[in-house]
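Remarks on the structure that follows.
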2 protein chains.
Amino acid sequence: MRIRLYVDAPLAAGTPVDASDEHAHYLLNVMRRGAGDEVLLFNGRDGEWQARIQVPAKKRVRFDLARQTRVQKNEPDVWVAFAPVKRIEVLAEKVSELGVAALLPVFTRRTDITRVNTARLRANAVEAAEQCDRLTVPAVHDAVKFDALIAAWPNTRTLYFLDETGGGAPIAEAIKAADPKVPVGFLTGPEGGFEQTELDALRQLPFAKPVGLGPRLLRAETAAIAAVACWQALQGDWVSAPHR
Amino acid sequence: MRIRLYVDAPLAAGTPVDASDEHAHYLLNVMRRGAGDEVLLFNGRDGEWQARIQVPAKKRVRFDLARQTRVQKNEPDVWVAFAPVKRIEVLAEKVSELGVAALLPVFTRRTDITRVNTARLRANAVEAAEQCDRLTVPAVHDAVKFDALIAAWPNTRTLYFLDETGGGAPIAEAIKAADPKVPVGFLTGPEGGFEQTELDALRQLPFAKPVGLGPRLLRAETAAIAAVACWQALQGDWVSAPHR
């Protein structure tokens, strides 16, 4: 099994990288790798590198960089803002695999969950990025209240909100009509949906557009995953090859 | 909280329905409902009905049908065939919410899992259908081997297989080019991908078409969920209102 790890350090030819204690433990004890074994490394900035494990001391791992296997390139600029749900980790993992640039947990008025473990979500996002061959890891923002989210939303980024009351355009229609150069984000509500005051506030934002995902009532994490998949297929990097 | 249940019995005005022991237990003990409380019922054939709980004896529940709330109508005809994965229940739940008509577990040559609990998958599908307001429950087929799946596949149904080797068309392009009157199914492989012999066999089928979901390596369940979402958005019942 191929091992691919996200690291903080700069990656460049001739510059060895000391592994974190966590990575050393994972490689030596969990995956039973040793000196001379190969791994892939990426840091979100310097592309992907093939590296060889060195074990300079007991429980220590150093990576000797062999060659760059992929150059860094831009990835799709799509955000997902979401009311935290019970299965928040499924949501974080799946949208990270699907290529979102940022995850923004948001407490709407009907959100039951009052605390988000941002560190855990970051770990989910890193693991998904490692497994799915991304060259970046999505940014995981600290959870904020609904009003703070929309106050800070960049007015140059379209905000598609998943409107469960039926007021939204079919998602494919909305995406196909959009300028592909404008970055986007999706916002999904909690199981109980948005409050009317929240929908009213969203409708007054010039950059916000209601969209719908058909006649069925989707769980919040399903809606977020489905919306990102549709966007990638229609305007993201699923439009052109290479594909798999 | 609204309760919506899938039942076997015919649903018609003036014909009471005896609840199963399981539903009686769920309503009386888990959800603490009693005589006079309302539920919604559907059976996949007779639309959706509002019913009132009667408790004719201890631990017994009867449903008195009040009125039909929705008439039965056709739902999108999309299947999902998939190599069983560790998180098969996430897959079953999500694609059921997204409206698939049938789930077909299939053992490909690189599938690690050797047994599928079909009853459990059916329960996942029923629960998802109850929650998401579907009027049907997806058919859950018994798991078969890859060769049996493709031998029995109807040649009038397009089979989109998720080709991780990069040979597929972008999914939106493939779906947009397809005749909307032709029913479809998706096929996703196991974590290790299809074997070359399987890809070769698929490529020889006149009704099979390779599709791709972009440059990242998606987990098997993510690929199945994303593919169905794209199809619903482009050719299924997300194309037209009502939406939510």
Side-chain angles (χ1 to χ4, degrees), chain A residues 1 4 75-76 87 90 93-99 128-129 131-135 162-173 175-176 191-193 210-219 221-223 225-244, chain B residues 1 4 75-76 87 90 93-99 128-129 131-135 162-173 175-176 191-193 210-219 221-223 225-244:
Chain A
M1 206 189 97
R4 194 168 176 274
E75 294 185 343
R87 279 179 288 181
V90 171
E93 175 191 296
K94 297 302 172 217
V95 300
S96 297
E97 278 177 68
L98 293 173
Q131 294 224 4
C132 80
D133 278 358
R134 282 178 68 143
L135 289 175
L162 280 290
D163 181 358
E164 291 173 327
T165 64
I171 190 164
E173 198 178 283
I175 294 172
K176 283 192 269 187
E191 296 296 334
V211 293
L213 294 173
R216 286 167 296 279
L217 188 62
L218 302 183
R219 283 189 165 91
E221 72 274 10
T222 316
I225 298 164
V228 173
C230 293
W231 184 83
Q232 287 286 21
L234 288 166
Q235 211 166 65
D237 65 5
W238 298 5
V239 172
S240 53
H243 263 252
R244 53 189 194 180
Chain B
M1 205 191 97
R4 193 168 177 274
E75 294 185 344
R87 279 178 291 181
V90 170
E93 176 191 295
K94 298 302 172 217
V95 300
S96 297
E97 279 177 65
L98 293 173
Q131 293 224 6
C132 78
D133 279 358
R134 282 179 67 143
L135 288 174
L162 280 289
D163 181 359
E164 290 173 328
T165 64
I171 191 165
E173 198 178 283
I175 294 172
K176 282 193 270 189
E191 296 296 336
V211 293
L213 295 173
R216 286 167 296 280
L217 187 62
L218 302 182
R219 281 190 166 91
E221 73 274 11
T222 315
I225 297 164
V228 173
C230 293
W231 185 84
Q232 287 285 20
L234 288 166
Q235 211 166 66
D237 64 6
W238 297 7
V239 174
S240 53
H243 264 252
R244 56 188 191 179

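Below, chains carry the letters A, B, ... as their sequence lines are ordered, and counting in each starts from 1.
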Minimum heavy-atom distance between A:Lys176 and B:Leu234, given as atom pair plus value
NZ-CD2, 4.0 Å

Is the closest side-chain heavy-atom distance between A:Arg87 and B:Glu93 below 4.5 Å?
yes

Between atom CD1 of A:Ile171 and atom CD of B:Gln232, what is the distance when rounded to the nearest 0.5 Å?
12.5 Å

Under a 4.5 Å heavy-atom cut-off, does chain A meet the side chain of B:Glu221, its backbone, both or neither?
side chain

Restricting to non-hydrogen atoms, name the atom on B:Pro170 and the atom on A:Trp238 that form the minimum distance, rounded to 0.1 Å.
CB-O, 3.2 Å

Looking at B:Cys230, B:Ala172, B:Gly236, which one has more heavy-atom pairs under 4.5 Å with chain A than the rest?
B:Cys230

Option in A:Val228, A:Leu98, A:Ile225 with maximal non-hydrogen atom pairs under 4.5 Å from chain B:
A:Leu98

Part of B:Ile175 lying under 4.5 Å from any heavy atom of chain A:
neither

Within the side chain of B:Glu97, is there an N or O that forms a donor-acceptor pair under 3.5 Å with the backbone of A:Arg219?
yes

Under 4.0 Å between a Lys/Arg side-chain N and an Asp/Glu carboxylate O for A:Arg216 and B:Glu75?
no

